Amino acid sequence: MPVEPLSQQDVEERLRELPGWTTDGVLLRRSYRLPGHFPAVALVVHIARIQEELGHHSDLTLGYDTVAIAVNTHSVGGKVTGLDVELARRIEAIAPGHGAR
């Protein structure tokens, strides 16, 4: 099934269900603070596993106790799609288990 870009209105509506996630009109973004470096690394590894399952990858930035995610869909010209929102939902579901806030 082809992936289609979402309208800005659709993106904003879907983000209402994803606290902490934002968009600049091009990317979905979220940063998490974790209780230390090892939990941050573990979250990155868990996100990488989800990305492999979806066949869809974000830019991840690892700090000492932070993880930042930025994602859009390159195959539709760098727009936000339902696939990006699904990745955000899946990350949001697992992040608390790593102590992310």
Side-chain angles (χ1 to χ4, degrees):
M1 178 175 204
V3 177
E4 297 292 327
L6 297 173
S7 71
Q8 186 64 25
Q9 181 179 347
D10 286 340
V11 171
E12 289 171 9
E13 285 176 15
R14 292 176 189 209
L15 287 183
R16 288 186 195 125
E17 300 170 10
L18 295 166
W21 287 84
T22 63
T23 185
D24 59 6
V26 177
L27 292 161
L28 294 185
R29 296 180 184 271
R30 173 77 154 95
S31 294
Y32 293 98
R33 180 165 298 279
L34 293 104
H37 188 63
F38 188 76
V41 171
L43 178 59
V44 167
V45 171
H46 202 160
I47 291 170
R49 183 180 314 139
I50 292 167
Q51 292 178 146
E52 285 297 307
E53 289 171 7
L54 292 174
H56 188 60
H57 301 83
S58 65
D59 291 331
L60 296 171
T61 304
L62 173 64
Y64 169 74
D65 63 353
T66 59
V67 174
I69 301 109
V71 66
N72 63 17
T73 302
H74 300 286
S75 64
V76 295
K79 308 277 186 188
V80 176
T81 68
L83 196 51
D84 303 304
V85 175
E86 178 60 19
L87 178 58
R89 281 189 184 126
R90 299 227 6 222
I91 293 169
E92 197 63 23
I94 58 105
H98 292 276
R101 50 184 166 82

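None of the values given here were measured: they were computed from a predicted structure.
When hydrophobic clusters are built by joining Ile, Leu, Val, Met, Phe, Trp and Tyr residues whose side-chain heavy atoms come closer than 4.5 Å, directly or via intermediates, L27 is not grouped with L18. A continuous path of Ile, Leu, Val, Met, Phe, Trp and Tyr side chains, each step under 4.5 Å between heavy atoms, connects V44 with I50, placing both in one hydrophobic cluster.
V11 places a side-chain heavy atom less than 4.5 Å from the side chain of L28. At a threshold of 4.5 Å between non-hydrogen side-chain atoms, the residues V71 and L83 do not count as touching. A 4.5 Å side-chain heavy-atom check between D65 and R33 finds at least one atom pair inside the cut-off. A heavy-atom distance below 4.5 Å is found between the side chains of H56 and D84. The shortest side-chain heavy-atom distance between L62 and H37 falls under the 4.5 Å cut-off.
To the nearest 0.5 Å, the span separating CG on N72 from OG on S58 amounts to 10.5 Å. Taken from OG1 in T61 to CZ in R29, the straight-line distance is 9.0 Å, to the nearest 0.5 Å. To the nearest 0.5 Å, atom CG of residue L43 and atom OG1 of residue T66 are 10.5 Å apart. Taken from CD in Q51 to CG in L60, the straight-line distance is 5.0 Å, to the nearest 0.5 Å. Residue K79 holds its NZ atom at 13.5 Å from NE2 of H74, rounded to the nearest 0.5 Å. In this structure, CG in L6 is found 10.0 Å from CD in E13, a value given to the nearest 0.5 Å.
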May I have the list of side-chain donor-acceptor pairs in residues 85-98 shorter than 3.5 Å, sequence neighbours left out?
| unit_1 | atom_1 | unit_2 | atom_2 | d |
| --- | --- | --- | --- | --- |
| R89 | NH2 | E17 | OE1 | 3.4 |
| R90 | NH2 | E53 | OE1 | 2.3 |
| E92 | OE1 | W21 | NE1 | 2.8 |
| E92 | OE1 | Y32 | OH | 2.5 |
| H98 | NE2 | H46 | ND1 | 2.9 |

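Between S31 and A68, the shortest heavy-atom contact is OG-CB, 3.6 Å.
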